[in-house]
*Asks:* 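First, the structure itself, so that you have it in front of you.
A quick note: this is a predicted structure, and the numbers were derived from the prediction, not measured.
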Amino acid sequence: GFNATREIRKFNKDIPIVALTAMVFEDVLEQLVDCDFDDIIVKPYDTDEFFQTIFANLKNKSHKKTIAKLLEKMRVAAQDVAQDDFQDSA
């Protein structure tokens, strides 16, 4: 999906591209942003959310927020775990 998205973006910056993935590691999310995906659906997914995401992206291209929010949640969670580990070792 990354290479295909890069190629599509060379000639069409407006078509919505939504990633469907089970991998939500930080580096994958960063690649999604770098490749200019518009949104992400994480497996397993709720059917209603799936269709809401697809329809929202068909209406407009303002949904890159989903990837950014997920990436931020992961970073906050990682900081919390690191802080808990530090406090446990102190």
Side-chain angles (χ1 to χ4, degrees):
F2 296 122
N3 290 334
T5 299
R6 281 188 201 100
E7 291 301 312
I8 292 167
R9 289 298 184 225
K10 287 179 183 178
F11 63 88
N12 190 330
K13 302 219 183 273
D14 296 322
I15 191 168
I17 302 176
V18 178
L20 178 62
T21 183
M23 299 187 332
V24 289
F25 302 111
E26 185 173 343
D27 61 324
V28 172
L29 294 173
E30 288 173 354
Q31 280 185 299
L32 292 172
V33 171
D34 291 343
C35 289
D36 206 19
F37 279 83
D38 291 293
D39 215 330
I40 183 174
I41 298 171
V42 179
K43 294 187 270 184
Y45 55 83
D46 174 77
T47 305
D48 290 335
E49 287 180 31
F50 175 88
F51 285 110
Q52 287 174 4
T53 301
I54 297 300
F55 291 136
N57 280 279
L58 290 174
K59 287 182 177 181
N60 61 53
K61 282 192 49 154
S62 64
H63 289 80
K64 290 186 182 181
K65 300 175 216 168
T66 304
I67 297 172
K69 285 180 187 176
L70 189 54
L71 188 55
E72 183 59 28
K73 284 181 186 179
M74 290 182 69
R75 288 181 176 149
V76 168
Q79 289 173 349
D80 291 345
V81 168
Q83 187 174 9
D84 289 346
D85 288 345
F86 176 76
Q87 290 174 352
D88 290 343
S89 65

*Asks:* Checking K10 now: which residues fulfil salt bridge (charged side-chain N to carboxylate O under 4.0 Å, His left out) with it, not counting sequence neighbours?
*Replies:*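 Only E7 meet the salt bridge (charged side-chain N to carboxylate O under 4.0 Å, His left out) criterion with K10.
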
*Asks:* Just verifying a value: how many Å separate D39 CG and Q52 CD, rounded to the nearest 0.5 Å?
*Replies:*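 The CG atom of D39 sits 11.5 Å away from the CD atom of Q52.
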
*Asks:* Sequence neighbours left out, what passes side chain to side chain donor-acceptor pair (under 3.5 Å) with N3? Give chain and number order.
*Replies:* R6

*Asks:* Taking all non-hydrogen atoms of both residues, which atom of F37 and which atom of G1 are closest, and how far apart?
*Replies:* CZ-O, 3.7 Å

*Asks:* Return the CG to OG1 distance between L20 and T53, rounded to the nearest 0.5 Å.
*Replies:* 10.5 Å

*Asks:* Among all residues two or more places apart in sequence or in another chain, which pass the side-chain contact (heavy atoms from CB on, under 4.5 Å) test with F50?
*Replies:*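 Expected list: I41, Y45, I54.
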
*Asks:* Shortest non-hydrogen contact from R9 to I15?
*Replies:* NH1-O, 2.7 Å

*Asks:* Out of curiosity, D46 CG to F51 CZ, how far, rounded to the nearest 0.5 Å?
*Replies:*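 Rounded to the nearest 0.5 Å, the CG-CZ separation comes out at 10.5 Å.
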
*Asks:* How many angstroms lie between CD1 in I17 and CG in L32, if you round to the nearest 0.5 Å?
*Replies:* 11.0 Å

*Asks:* Pairing donors with acceptors under 3.5 angstrom, does anything connect the side chains of D38 and N57?
*Replies:* no

